[in-house]
Engineer: 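Have a look at this one.
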Amino acid sequence: MAAVETQRQIVRAQAKYVHSSARKARLVTDLIRGRSVPEARTVLAFSQRAVAKDVEKVLRSAVANAESRHDLHWNGDDLIVATAYVDEGPTLKRFRPRARGRASAIHKRMCHITVELAPNPRATVAPAKPAPEAKAPKRAPKKAAEETVVETTATAEEPTTVAPSEEKPKASRRKKKTEESDS
């Protein structure tokens, strides 16, 4: 049998020659992989790493690419970060003078950041419909509300009385305690 391949629709954005090491950039891209776009933006906004700004630019570019494609009709907030990876770029080799006429190498590393977006399988891809008019919240019937007010409040004219079965005379308790202590 022939294997049927379903072509997955993705949108990609790439930033090349970013002046950061690939190792540092991978720490940031690992944080956003598999997340929704709004959640990934929030994570990148609060990240302390400098390369997070570059990753955020690539993410914004990928969302713009997805929204500008007329054949897809994707909304940027309904997408997820399908893949985010960082490849090493070229390394600039510079030298710094050291003691006794020597030189030490300085490696200025670069990387290529790639972000791919795909539609969220949980999000519905139905066309946008106008929101229905908001209905007023349902209220409890008036009779039930009046009954609860009557039950919970007592007027000054009608003193509340306690049923005789609930009353326990304090004297009988005292007698029992004194009789037990005498014996």
Side-chain angles (χ1 to χ4, degrees), residues 1-140:
M1 284 195 231
V4 178
E5 292 184 24
T6 59
Q7 186 176 3
R8 213 175 81 181
Q9 291 183 334
I10 58 170
V11 176
R12 176 183 305 163
Q14 194 172 28
K16 291 190 170 189
Y17 307 106
V18 176
H19 285 277
S20 175
S21 69
R23 185 175 178 180
K24 291 176 183 177
R26 282 187 191 115
L27 293 172
V28 176
T29 56
D30 290 343
L31 295 174
I32 66 168
R33 192 176 297 120
R35 296 182 186 261
S36 65
V37 170
E39 190 176 357
R41 284 181 175 163
T42 304
V43 168
L44 292 173
F46 289 104
S47 177
Q48 297 291 323
R49 304 220 171 238
V51 75
K53 292 179 183 178
D54 296 319
V55 175
E56 187 175 7
K57 283 182 184 179
V58 177
L59 179 65
R60 276 192 275 130
S61 177
V63 170
N65 291 344
E67 289 177 345
S68 67
R69 285 192 53 183
H70 300 292
D71 59 331
L72 296 179
H73 302 290
W74 285 352
N75 182 9
D77 291 339
D78 296 337
L79 302 175
I80 61 168
V81 180
T83 57
Y85 57 91
V86 179
D87 295 326
E88 288 186 14
T91 301
L92 296 176
K93 295 175 178 81
R94 301 292 182 254
F95 295 94
R96 183 172 178 84
R98 295 311 222 178
R100 293 160 85 200
R102 295 181 183 174
S104 62
I106 295 176
H107 298 287
K108 296 188 175 185
R109 302 185 187 276
M110 289 186 238
C111 65
H112 307 308
I113 302 170
T114 306
V115 174
E116 293 180 355
L117 302 178
N120 193 347
R122 295 183 199 148
T124 57
V125 191
K129 294 180 182 178
E133 293 182 19
K135 296 180 181 178
K138 294 183 180 179
R139 296 185 181 181

Engineer: Roughly how far, to the nearest 0.5 Å, is NZ of K108 from CG of L92?
Structural biologist: 7.5 Å
Engineer: What residue pairs, at least two apart or across chains, pass ring-ring contact (aromatic ring centres under 6.0 Å, His included) with a residue in residues 10-29?
Structural biologist: Y17-H112
Engineer: Could you go step by step and tell me if R12 and N65 meet the side chain to side chain contact (heavy atoms under 4.5 Å, CB included) rule?
Structural biologist: CA-CA 8 Å; R12 176 183 305 163; N65 291 344; over 6 Å; no
Engineer: How far apart are the C-alpha atoms of V11 and W74, what are their side-chain angles, what is the distance that settles it, and do they pass the side chain to side chain contact (heavy atoms under 4.5 Å, CB included) test?
Structural biologist: CA-CA 10 Å; V11 176; W74 285 352; 3.2 Å; yes
Engineer: Please enumerate all residues that pass salt bridge (charged side-chain N to carboxylate O under 4.0 Å, His left out) together with R49, with sequence neighbours excluded.
Structural biologist: none
Engineer: Give me the one residue out of V18, V86, V43, I113 that meets side chain to side chain contact (heavy atoms under 4.5 Å, CB included) with V55.
Structural biologist: I113
Engineer: Can you list the steps and then say if L59 with L117 is a side chain to side chain contact (heavy atoms under 4.5 Å, CB included)?
Structural biologist: CA-CA 9 Å; L59 179 65; L117 302 178; 4.0 Å; yes
Engineer: Taking atom CD as the centre, does E88 end up with more than 12 heavy-atom neighbours from other residues, nucleotides or ligands that are less than 6.0 angstrom away?
Structural biologist: no
Engineer: Might you point out which heavy atoms bring A40 and V81 nearest each other, and give the distance in Å?
Structural biologist: CB-CG2, 4.1 Å
Engineer: Show the nearest heavy-atom pair for residues R96 and I106, with the distance to one decimal.
Structural biologist: CB-CD1, 3.7 Å
Engineer: What closest approach, in Å, do L79 and A66 show between heavy atoms, and which atom pair accounts for it?
Structural biologist: CD1-CB, 3.6 Å
Engineer: Any side-chain heavy atom of R41 within less than 4.5 Å of one from R60?
Structural biologist: yes
Engineer: Kindly compute the distance separating NZ (K16) from OG1 (T114), expressed to the nearest 0.5 Å.
Structural biologist: 8.0 Å
Engineer: Quick one: CZ on R33 to CD on E116, what's the gap to the nearest 0.5 Å?
Structural biologist: 11.0 Å
Engineer: What are the two closest non-hydrogen atoms of C111 and A25, and how far apart are they?
Structural biologist: SG-CB, 4.1 Å
Engineer: Considering all heavy atoms of both residues, which atom of G76 and which atom of V37 are nearest to each other, and what is their separation?
Structural biologist: O-CB, 3.4 Å
Engineer: Are P121 and I80 close enough that some pair of their side-chain heavy atoms sits under 4.5 Å apart?
Structural biologist: yes
Engineer: Could you go through the side chain to side chain contact (heavy atoms under 4.5 Å, CB included) check for N75 and E67 one step at a time?
Structural biologist: CA-CA 6 Å; N75 182 9; E67 289 177 345; 4.0 Å; yes
Engineer: Please report the closest heavy-atom contact between I10 and R69, naming both atoms and the distance.
Structural biologist: O-NH1, 4.1 Å
